Amino acid sequence: MSELVVVGFKDAEEADHVLFRLAKLKKEHLIDLEDAVVVIRDEVGKVHLKQSINPTTSETASSFVFISGSLWGALVGLLFLHPVAGFVLGGAIAAGAGALSGSLTDYGIDDDFIKALGETIPVNSSALFILVRKAQPEKVLAELSGVKGKVLRTSLSREQEKKLQEALADTTATTA
């Protein structure tokens, strides 16, 4: 089961920086993100969403739909003695149907929830919404050590949430 973590930042760009660090960890297979969204509330209070991972589109799935539609179109085209036109028309119809079904389906973090919580963060700040499939907590927390942020919402256990908040605490004041 995936875990939801929402972290708020005082700086409008900090959520992007943290997501970049998480992307590095994903390449190292230390974290598996199902969905990630950066929310920025600008100086006039308008909320902007940046979808970082689009779980509705998969290159493999969309190419499969296109190829299978093209093959079915070619087969129908053979029946009418025009397989090339059937191949092209079948591919176009399959691509359109795949795009339509993908746009009507929303996986990951609910957009209404993101917008509602985004309205509560201060002006000129940001938040990072992540849906984590699995992670190696020790290594992820070590990477986030020193990042200044506040856990806004989470589905983690109290112990895990406490460890995350400690990793996101300002450690520069204690080193002086």
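Throughout, numbering of the chain's residues begins at 1 and tracks the sequence. Please read these numbers as outputs of a predicted model, since none were measured by experiment.
- The two residues Ala15 and Val38 have their closest heavy-atom pair at CB-CG1, 3.8 Å.
- Here salt bridge (Lys or Arg N to Asp or Glu O under 4.0 Å) pairs that include residues 150-163, with residues two or more places apart or in two chains, are Glu159-Lys163.
- Residues satisfying the side-chain contact (heavy atoms from CB on, under 4.5 Å) test with Val7, not counting sequence neighbours, are Val5, Phe9, Leu168.
- Under the side-chain contact (heavy atoms from CB on, under 4.5 Å) criterion, Leu49 pairs with Val37, Val39, Val47, Ile114, Lys115, not counting sequence neighbours.
- Asp35 places a side-chain heavy atom less than 4.5 Å from the side chain of Gln51.
- Evaluation of the side chain to side chain donor-acceptor pair (under 3.5 Å) rule for His48 yields Asp42 as partners, not counting sequence neighbours.
- Every residue meeting the side chain to side chain donor-acceptor pair (under 3.5 Å) condition with Glu3, not counting sequence neighbours, appears here in chain and number order: Ser155.
- The two residues Lys26 and Leu33 make their nearest non-hydrogen contact at NZ-O, 3.8 Å.
- Considering all non-hydrogen atoms of both residues, Leu30 and Lys139 come closest at CD2-CD, 3.7 Å.
- Taking Thr120 as the reference, nothing meets the side chain to side chain donor-acceptor pair (under 3.5 Å) condition, with sequence neighbours excluded.
- Residues passing the side chain to side chain donor-acceptor pair (under 3.5 Å) test with Asp32, sequence neighbours excluded: Arg133.
- No side-chain heavy atom of Thr154 sits under 4.5 Å from any side-chain heavy atom of Leu4.
- Applying the side-chain contact (heavy atoms from CB on, under 4.5 Å) criterion to Asp11, with sequence neighbours excluded, gives Glu13, Glu14.
- Residues Ile130 and Glu34 fail the side-chain proximity criterion, which asks for heavy atoms closer than 4.5 Å.
- Of all heavy-atom pairs between Ile121 and Arg41, the closest is O-NH1, 2.6 Å.
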Take Leu164 and Val140 through the side chain to side chain contact (heavy atoms under 4.5 Å, CB included) test and state the conclusion after the steps.
-> CA-CA 9 Å; Leu164 176 61; Val140 173; over 6 Å; no
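- Annotation: side-chain contact (heavy atoms from CB on, under 4.5 Å) contacts of Ala12 (sequence neighbours excluded): Ile40.
- For Glu143, the salt bridge (charged side-chain N to carboxylate O under 4.0 Å, His left out) partners two or more places apart in sequence, or in a different chain, are Arg21.
- Proximity of Val6 to Ile109: side-chain heavy atoms (C-beta onward) are nowhere separated by under 4.5 Å.
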